[in-house]
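Please read the structure below before turning to the comments.
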Number of protein chains: 2
Amino acid sequence: MSIFFSRQCEYAIQSAVYIAKKQVGEWTTVKELTGHLNVPYHFSGKILQNLSRKGVLISMKGTRGGFALAKPAKEVTLFDIVDAVDGSAFHTACVMGFPKCGDGHKCSLHDQWHLLREKIYQMLVKKSLNDLARDMDKPGYQILP
Amino acid sequence: MSIFFSRQCEYAIQSAVYIAKKQVGEWTTVKELTGHLNVPYHFSGKILQNLSRKGVLISMKGTRGGFALAKPAKEVTLFDIVDAVDGSAFHTACVMGFPKCGDGHKCSLHDQWHLLREKIYQMLVKKSLNDLARDMDKPGYQILP
DNA sequence: TTAATATCGGACAAATAAGTCTGATAAATA
DNA sequence: TATTTATCAGACTTATTTGTCCGATATTAA
């Protein structure tokens, strides 16, 4: 099911994109979010709480409360979300899991994989939540209902 | 721990590389394998049995038994191993997990990711077990003890 | 034929990830 | 102030992955 990110991380990304579509100053509740996304209600709560502990989101309790981005959507990258949820171990670990693989003893895929994962990193770090939200509103890109 | 492949798949790859270093006609036992690799004994058995069910390995019971490649190491690609263990869902699923992402409704990363995963696929399908075994015997590439 | 040594099959146990529930707390509104 | 509605914290359950155990079967060698 999940390919490169954990399922929790996929949920986090989708939620962040949804929230990034909102006007500045608007709050998004878990109820609204899970009404539009295919994410379990209580699990969503956990994920958003985690993102606000990590400083990606801010939260407000009470009747008109909810979650919002801690920074402008232009300044939050996809990598920020991934890093907050899954970490960035993919940047150092051997793709085939060889324990000794490193600069001294490189595995047969080491250099190739290094290049590819750098491209993946660039893809994540260059894409802001603003980019994502904008793209997914274009015709042919619509995904969220 | 595991980055792109499941841990079981990492074990399978490492085991396949080890076996590919053997002469044609030699059998490798689970005991020998787990003596050299950092893979749990009984788990290793399961993994190799699975690979032989999938036709990647052949097996022989009894005193001089063990496992061996079903085909010459030149003809077995890394993708064959990955496909046998983890499948090839990474080829079709949306990297951010958007349920409706497809040719009609592409997500914002769709095309970029398509390119990258094709490069990953090429990396896997172009690398034979023979290549891997050869590379990992070179100085600076040594990983298996 | 017997003993030793290997895979095979299935059930089982442990660890991790995913998902749920409940009571507490804080903010807004009546 | 009381009620409503939201997040928050932690314990809990379920599902999946990882890892273990044991008895059966097949092969070799004494």
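Letters A, B, ... mirror the listed sequences (proteins, then strands); counts begin at 1.
- With hydrogens and angles ignored, no donor-acceptor pair closer than 3.5 Å exists between the side chain of B/S59 and the base of C/dT7.
- Two rings, from B/F79 and B/Y121, have their centers less than 6.0 Å apart.
- Between A/L57 atom CG and D/dC8 atom C1' there is a gap of 14 Å when expressed in whole angstrom units.
- Phosphate contact (OP1/OP2 of D/dG19, side-chain N/O of B/Y11, threshold under 4.0 Å): present.
- Linking ILVMFWY residues whenever their side-chain heavy atoms come closer than 4.5 Å, directly or via other members, leaves A/L115 and A/M123 in distinct clusters.
- Using the six-membered ring where Trp is involved, B/W113 and A/F4 have ring planes that are tilted, between 30° and 60° apart.
- One atom, CG of A/N38, and another, C1' of C/dA18, lie 14 Å apart when rounded to the nearest Å.
- Not one side-chain nitrogen or oxygen of B/R7 sits closer than 4.0 Å to the OP1 or OP2 atom of C/dA15.
- Distances shown here put a side-chain N or O of B/R53 below 4.0 Å from the OP1 or OP2 atom of C/dG9.
- Whole-Å rounding puts the A/I47 CD1 to C/dA17 C1' distance at 11 Å.
- For the pair A/R64 and C/dA26, the criterion of a side-chain N or O lying under 4.0 Å from OP1 or OP2 is not met.
- Summary of the strand contacts: B/L48 and A/Y41 both lie near DNA chain C, and taking for each the nucleotide with the nearest heavy atom, the more 5' one is attributed to B/L48.
- Spacing between atom CD of B/Q49 and atom C1' of D/dA24 amounts to 13 Å, rounded to whole angstrom units.
- Ring geometry for B/F43 versus B/Y11: interplanar angle over 60°, hence perpendicular rather than tilted (30 to 60°).
- At whole-Å resolution of the value, CD in B/Q8 and C1' in D/dT20 are 14 Å apart.
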